[in-house]
Amino acid sequence: MINPRLVRENPELLRKAWLRRGLEAPVDRLVELDESRRSLISVVEAAKAAKNAASAEVGKLKREGKDASDAIAAIKSRGDEQVEAESKLAATEKELEDILMGLPNLPHDSVPDGRSSEDNVVARNWGEIKEAPAWAKDHLQVGEALKLFDFKRGAKISGAGFPVYTGWGARLERALVAWFLDEHREAGFLEVQPPLMVNRASMTGTGNLPKFADQLYTCQEDDLYLIPTAEVPVTNLHADEILDPKEMPIKYCAYTPCFRREAGSYGKDTKGFLRLHQFDKVEMVWFSAPEASYDAHEVLTAQAENLVKKLGLPYRTLLLCSGDMGFGAAKCYDIEVWAPVEKKWLEVSSCSNFEDFQARRAGIRTRGADGKPVLAHTLNGSGLATPRILVALLETYQQEDGSFKVPEVLRPYLGGVEFLRA
RNA sequence: GGAGAGGUGGCAGAGUGGUCGAUUGCGGUAGACUCGAAAUCUAUUGUAGGGAAACCUACCGGGGGUUCGAAUCCCUCCCUCUCCGCCA
């Protein structure tokens, strides 16, 4: 949630910021609600103060052993003005909050204007893009020949979008996850293994609820949700806490499967690995002092880029434009690897600075230089999601004889094997 | 799942209907003493909202209720602990 004070202090700034995202937000309504909220608060609180004073008087009389029935009767005979104002106030606050909770974060000044992915800016390029040889197969054919996965049986036991990894495929998946985690640990991230199901408050804290309920798998009976990313449980690790500035920044990495309904995206990337209901991802989550978050964002992004680099996959880093950023992000870099046969850029990481957007929802604070509590900034980035990495690896490192050359960094995780063969 | 006991400020721990936002201890901060430190002493030390301010309001796990008045009584949910049952 954005800072609600801005509604009062600078509604035009809000209007413009949301317009950059292509959103015509009901700013006038917000201003109206904020004003009526404040005037109702005055009414309600004045009534409460009067009542408190009268009750204190009753207490005093009773303690003195005097008769208080007149005083009590006087309080009782008061009108229900307060009750009425209270219910109006509650309704106003609810509408205000409902609107604010559904509105996205404001783009940072360094974010380019734009309406869609077409307007994203390439921040950097790395690696040389080579044309695939004529004999090259696409990743599905390579994987099938090596028996790395079994989509059919995945569909049988669960449905489309639930892959089964088999044999070397399963090991390769495990190797990627283990290597990612080791890299992050060595870079100072604390590895955590969080729950895969979280409660409503956690989902609300990161911004997945209420707006994106239709993208989540739910366990209705227990009011739990399957996580769409480790960002949710790990960010909420520090919900309702005041983090000691001496401990900052706090950096975590976590491997989890991710569960996404992908409602509304039927027909898009349905084949193979490009869009799945369940996939593995290692996520980095970073809690920062407010003034340090943009530096942290660069470091976090570089940490993710480093993995792709070490795998030898050409990539590009996009600075997302205002219209293409996710709901909670103030600034976001996407890292895309090149799939030479598919001839496509594939997004394998998204590194975002949420500023205090999530922190406000989740109650994550630290202390400023004056020792007073301030909202922390949260950041996160994939480091990395495996399926599309697998696509790029298979297409890039396939050999003419049908084998797969294992990138060097992964070999220690695969018993030192250099080539995977059927 | 059954029975019981609990959830109070950074921590520990009082408080069972009337100046309780809350005794006290520890911790934190500032000061005194000291060459300095320790010890000791003194003061101070929650969060959020409203208000130009004075100040007011709210918060004792969450929500609801009783009452002129609730940390304290009632209902409900959540969580923790102990015992029993079940079980990877």
Side-chain angles (χ1 to χ4, degrees), chain A residues 1-9 30-101 193-205 209-210 218-225 233 236-248 250 287 290 356 359-376:
Chain A
M1 195 167 89
I2 58 119
N3 183 353
R5 251 171 210 286
L6 289 172
V7 170
R8 184 184 333 167
E9 288 167 4
L30 287 173
V31 170
E32 205 174 289
L33 287 165
D34 177 64
E35 275 167 9
S36 80
R37 169 177 165 268
R38 281 185 291 146
S39 74
L40 285 165
I41 284 175
S42 307
V43 173
V44 168
E45 290 190 350
K48 279 186 183 171
K51 198 166 134 190
N52 285 346
S55 289
E57 198 57 34
V58 172
K60 196 179 158 204
L61 288 171
K62 291 229 171 181
R63 250 177 291 120
E64 287 166 356
K66 293 180 186 158
D67 177 44
S69 50
D70 286 351
I72 291 174
I75 297 170
K76 275 188 174 171
S77 69
R78 239 181 255 277
D80 50 6
E81 206 181 324
Q82 182 190 336
V83 176
E84 205 176 300
E86 268 175 342
S87 76
K88 262 195 224 165
L89 176 60
T92 303
E93 287 188 322
K94 183 177 186 310
E95 187 182 346
L96 194 58
E97 169 148 323
D98 284 351
I99 296 176
L100 285 172
M101 288 295 264
Q193 205 178 80
L196 306 183
M197 291 186 191
V198 299
N199 58 27
R200 182 185 297 265
S202 296
M203 281 297 182
T204 307
L209 284 177
T218 60
C219 301
Q220 234 171 353
E221 193 88 23
D222 301 290
D223 202 21
L224 290 170
Y225 301 81
N236 280 287
L237 239 30
H238 294 300
D240 298 316
E241 291 183 19
I242 299 180
L243 302 169
D244 186 343
K246 283 179 283 198
E247 315 265 313
M248 303 283 266
I250 297 174
F287 298 84
D356 61 15
R360 183 171 290 106
R361 291 171 162 248
I364 303 166
R365 291 177 295 175
T366 179
R367 293 185 188 275
D370 58 359
K372 295 277 178 212
V374 285
L375 291 169

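Letters A, B, ... mirror the listed sequences (proteins, then strands); counts begin at 1. Bear in mind that the values here come from a model prediction, so they are computed numbers and not experimental data.
Between A:Arg8 and B:rG50 there is a side-chain N or O to OP1 or OP2 distance below 4.0 Å.
Nearest approach of A:Gly205 to A:Ala362, heavy atoms of both residues: CA-CB, 4.0 Å. Shown here for A:Gly368 and A:Val374, the closest heavy-atom pair between the two residues is N-CG2, 3.7 Å. Listed here is the closest heavy atom pair of A:Leu209 and A:Arg361: O-NH1, 3.1 Å.
Once rounded to the nearest 0.5 Å, the distance linking CD of A:Glu241 with OG1 of A:Thr366 reads 11.0 Å.
The interatomic distance linking A:Asn3 (CG) with B:rA48 (C1') rounds to 14 Å, in whole Å. The distance from atom CD of A:Glu35 to atom P of B:rG49 is 19 Å, rounded to the nearest whole Å. Here the C1' atom of nucleotide B:rG49 and the CG atom of A:Leu96 are 13 Å apart, to the nearest Å. Remark: P of B:rU47 and CG of A:Asp370 are 10 Å apart, rounded to the nearest angstrom. Remark: C1' of B:rG49 and CD of A:Glu9 are 14 Å apart, rounded to the nearest angstrom. Rounded to whole Å, the distance from CG on A:Asp240 to C1' on B:rG10 is 15 Å. For the pair A:Arg63 CZ and B:rU19 P, the computed distance is 6 Å after rounding to whole Å. Rounded to whole angstrom, the span from the CZ atom of A:Arg5 across to the C1' atom of B:rA48 amounts to 10 Å.
Nucleotides B:rG9 and B:rC60 place their C1' atoms 9 Å apart, quoted to the nearest Å. Rounded to whole Å, the P atom of B:rG61 lies 25 Å from the corresponding atom of B:rC56. B:rU66 sits 16 Å from B:rU16 when the C1' atoms are compared, rounded to a whole Å. With P as the reference atom, B:rA22 and B:rU44 are 13 Å apart, rounded to whole Å. Annotation: B:rC26 and B:rG64 have their P atoms spaced 38 Å apart (nearest Å). Distance noted for atom P between B:rU45 and B:rA39: 23 Å (whole Å). On the P atoms, B:rG18 is 11 Å away from B:rA70, given to the nearest whole Å. Spacing between B:rG21 and B:rC59 at atom C1', rounded to whole Å, works out to 9 Å.
B:rU40 and B:rA32 make up a base pair, with Watson-Crick or G-U wobble contacts both under 3.5 Å. Taking a pair to require two hydrogen-bonding distances under 3.5 Å in either a Watson-Crick or a G-U wobble arrangement, B:rU66 remains unpaired. Of the nucleotides present, B:rC56 is the one that pairs with B:rG49 by Watson-Crick or G-U wobble criteria, both distances under 3.5 Å. Pairing for B:rU16 is absent, with no Watson-Crick or G-U wobble pair whose two atom distances lie under 3.5 Å. Pairing partner, B:rC87: none, since no Watson-Crick or wobble contact has both distances short of 3.5 Å. Applying the Watson-Crick and G-U wobble criteria (two distances, each under 3.5 Å), B:rG21 pairs with nothing in any strand. Under the Watson-Crick and G-U wobble criteria, each requiring two contacts below 3.5 Å, nucleotide B:rA71 is left unpaired. Under the Watson-Crick or G-U wobble criterion, with both distances below 3.5 Å, B:rG4 is paired with B:rC81.
Every side-chain hydrogen bond (donor to acceptor under 3.5 Å, both in side chains) that A:Asp67 has, sequence neighbours left out, goes to A:Ser69. With sequence neighbours excluded, the residues forming a side-chain hydrogen bond (donor to acceptor under 3.5 Å, both in side chains) with A:Arg38 are A:Asp34, listed by chain and number. Qualifying side-chain hydrogen bond (donor to acceptor under 3.5 Å, both in side chains) partners for A:Asp70, counting only residues two or more places apart in sequence or in other chains: none. With sequence neighbours excluded, the residues that form a salt bridge (Lys or Arg N to Asp or Glu O under 4.0 Å) with A:Glu64 are A:Lys66. Residues meeting the side-chain hydrogen bond (donor to acceptor under 3.5 Å, both in side chains) test with A:Arg360, sequence neighbours left out: A:Asp356. A search for side chain to side chain contact (heavy atoms under 4.5 Å, CB included) contacts involving A:Asn199 returns A:Ala201, A:Ser202, A:Leu224, not counting sequence neighbours. For A:Lys88, the side chain to side chain contact (heavy atoms under 4.5 Å, CB included) partners at least two apart in sequence or on another chain are A:Leu40.
Nearest-nucleotide assignment on RNA chain B puts the 5′-proximal partner with A:Lys60, out of A:Lys60 and A:Ile242.
Judged by distance alone, the side chain of A:Ser39 and the main-chain N or O of A:Ser36 form a donor-acceptor pair under 3.5 Å.
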Measure all distances between protein nitrogen or oxygen atoms and nitrogen or oxygen atoms of nucleotides 28-30 of chain B, and list the pairs falling under 3.5 Å.
none

What does the list of N/O pairs under 3.5 Å between the protein and nucleotides 6-8 of chain B look like, with a distance for each?
none

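Remark: A:Arg37, A:Arg38, A:Ile41, A:Ser42 in residues 36-44 of chain A come within less than 4.0 Å of RNA chain B through at least one heavy atom.
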How does each nucleotide of nucleotides 56-79 of chain B score, in 5' to 3' order, for protein heavy atoms under 4.0 Å: base (B), sugar-phosphate only (S), or none (-)? BBS---------BS----------

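Taking the side chain as every heavy atom from C-beta outward, A:Ile75 and A:Val58 approach each other to under 4.5 Å. Side chains of A:Leu33 and A:Ile99 form a contact here, defined as non-hydrogen atoms less than 4.5 Å apart.
Pairs passing the salt bridge (charged side-chain N to carboxylate O under 4.0 Å, His left out) check and including a residue from residues 42-59 of chain A, sequence neighbours excluded, read A:Lys48-A:Glu86.
The side chain to side chain contact (heavy atoms under 4.5 Å, CB included) test with A:Lys94 is passed by exactly one of A:Thr92, A:Leu96, A:Asp98: A:Asp98.
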